[in-house]
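What follows is a short report on a single structure.
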Amino acid sequence: MGKQETEDRDFFDAESAEGDISLESCCGSRRKKRSEEEQRALLLRLKRVEGQIRGIERMVERDAYCPDILVQVSAATSALNSFNKSLLSCHIHSCVAEDIREGKDEAIDELCALLQRLMR
């Protein structure tokens with residue numbers, strides 16, 4: 001195992017110990033080191049969605065009219081879909097393209113399986 005892989009494993013194992021989602025259990029051993037810009041953009045999208053969800057929660061607590069809540073849920077769903085599109089694009093341009101350049105054709109099968117799961 002290389003130095004970077006060891007550092008990544010230690011980083012993610014420490015996060016898991018703190019109660020976060022264990023990446024080892026849900027993603028195997030693959031990791032993606034993102035640029036600060038990419039990470040910042042993805043986190044900003046997620047924080048917006050989180051704010052929308054909190055707003056929906058307040059609407060329910062305040063007995064808002066059902067159609068008003070449904071419109072906000074639709075907006076949050078759309079925001080999550082936009083997050084997925086952005087992340088998928090980054091994945092294809094970096095991870096998949098790199099694997100293909102390295103001759104790892106199984107990346108294509110993995111991408112096809114992922115798309116099938118996303119399009120359910």
Side-chain angles (χ1 to χ4, degrees):
M1 184 179 312
K3 182 180 179 198
Q4 183 63 43
E5 289 173 312
T6 302
E7 289 173 2
D8 287 349
R9 182 174 300 281
D10 292 343
F11 172 77
F12 288 110
D13 288 347
E15 279 193 340
S16 297
E18 295 171 7
D20 290 342
I21 295 172
S22 171
L23 294 177
E24 198 63 40
S25 66
C26 72
C27 303
S29 62
R30 296 191 72 178
R31 304 283 190 267
K32 165 69 167 107
K33 182 67 178 162
R34 293 176 178 79
S35 69
E36 285 185 33
E37 181 181 336
E38 180 184 353
Q39 187 177 50
R40 187 174 22 258
L42 290 170
L43 289 173
L44 181 60
R45 283 182 180 269
L46 287 175
K47 289 187 185 302
R48 287 182 185 145
V49 172
E50 183 181 24
Q52 288 176 305
I53 299 300
R54 278 197 231 106
I56 294 167
E57 184 178 23
R58 285 190 300 273
M59 291 176 79
V60 171
E61 290 170 349
R62 295 176 183 159
D63 297 323
Y65 190 51
C66 295
D68 295 338
I69 296 171
L70 291 167
V71 167
Q72 292 306 311
V73 169
S74 178
T77 301
S78 178
L80 274 175
N81 286 337
S82 292
F83 173 85
N84 267 357
K85 289 175 196 173
S86 178
L87 185 58
L88 179 60
S89 177
C90 290
H91 176 63
I92 292 169
H93 284 96
S94 60
C95 303
V96 175
E98 183 179 322
D99 283 351
I100 290 171
R101 282 191 292 272
E102 292 176 0
K104 299 176 185 173
D105 290 337
E106 63 271 10
I108 297 168
D109 295 331
E110 181 183 276
L111 178 60
C112 289
L114 173 63
L115 292 172
Q116 287 178 349
R117 289 180 69 192
L118 295 175
M119 292 181 179
R120 287 183 188 169

Excluding sequence neighbours, so at least two apart, what forms side chain to side chain contact (heavy atoms under 4.5 Å, CB included) with [X]?
X: A75; value: Q52
X: V71; value: none
X: S74; value: none

Problem - Hydrophobic cluster identity match, Y65 and L70, side-chain contacts under 4.5 Å - result: no
Item to check | Single-linkage hydrophobic cluster L80~M59, side-chain heavy atoms < 4.5 angstrom | outcome: yes
Q) If you count the non-hydrogen atoms of other residues, nucleotides and ligands that lie under 6.0 Å from CD in E61, is the total more than 12? A)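 Above 12, so yes.
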- Query: Is R45 close to V49 at the side-chain level, that is, under 4.5 Å between some pair of heavy atoms?
  - Reply: no
Sequence-distant partners of E102, side-chain hydrogen bond (donor to acceptor under 3.5 Å, both in side chains), two or more places apart: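 side-chain hydrogen bond (donor to acceptor under 3.5 Å, both in side chains) list for E102, sorted by chain: K104.
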Sequence neighbours excluded and cut-off under 3.5 Å, please list the side-chain donor-acceptor pairs for residues 106-114, or say none.
unit_1 : atom_1 : unit_2 : atom_2 : d
E110   : OE1    : R30    : NH1    : 3.0
E110   : OE2    : R30    : NH1    : 3.3

Sorted by chain and number, sequence neighbours left out, salt bridge (Lys or Arg N to Asp or Glu O under 4.0 Å) with R34 holds for E38
Between the CG atom in L42 and the CD atom in E37, the distance rounded to the nearest 0.5 Å is 10.5 Å
Hey, could you give me each pair passing salt bridge (Lys or Arg N to Asp or Glu O under 4.0 Å) that has a residue in residues 50-59? Not counting sequence neighbours.
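Qualifying pairs: E50-R54.
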Which atom pairs, donor and acceptor, lie under 3.5 Å between side-chain atoms of residues 82-95 and protein residues at least two apart or in another chain?
unit_1 : atom_1 : unit_2 : atom_2 : d
S82    : OG     : S78    : O      : 3.2
S89    : OG     : H93    : ND1    : 3.4
H93    : ND1    : S89    : O      : 2.8
S94    : OG     : C90    : O      : 2.7

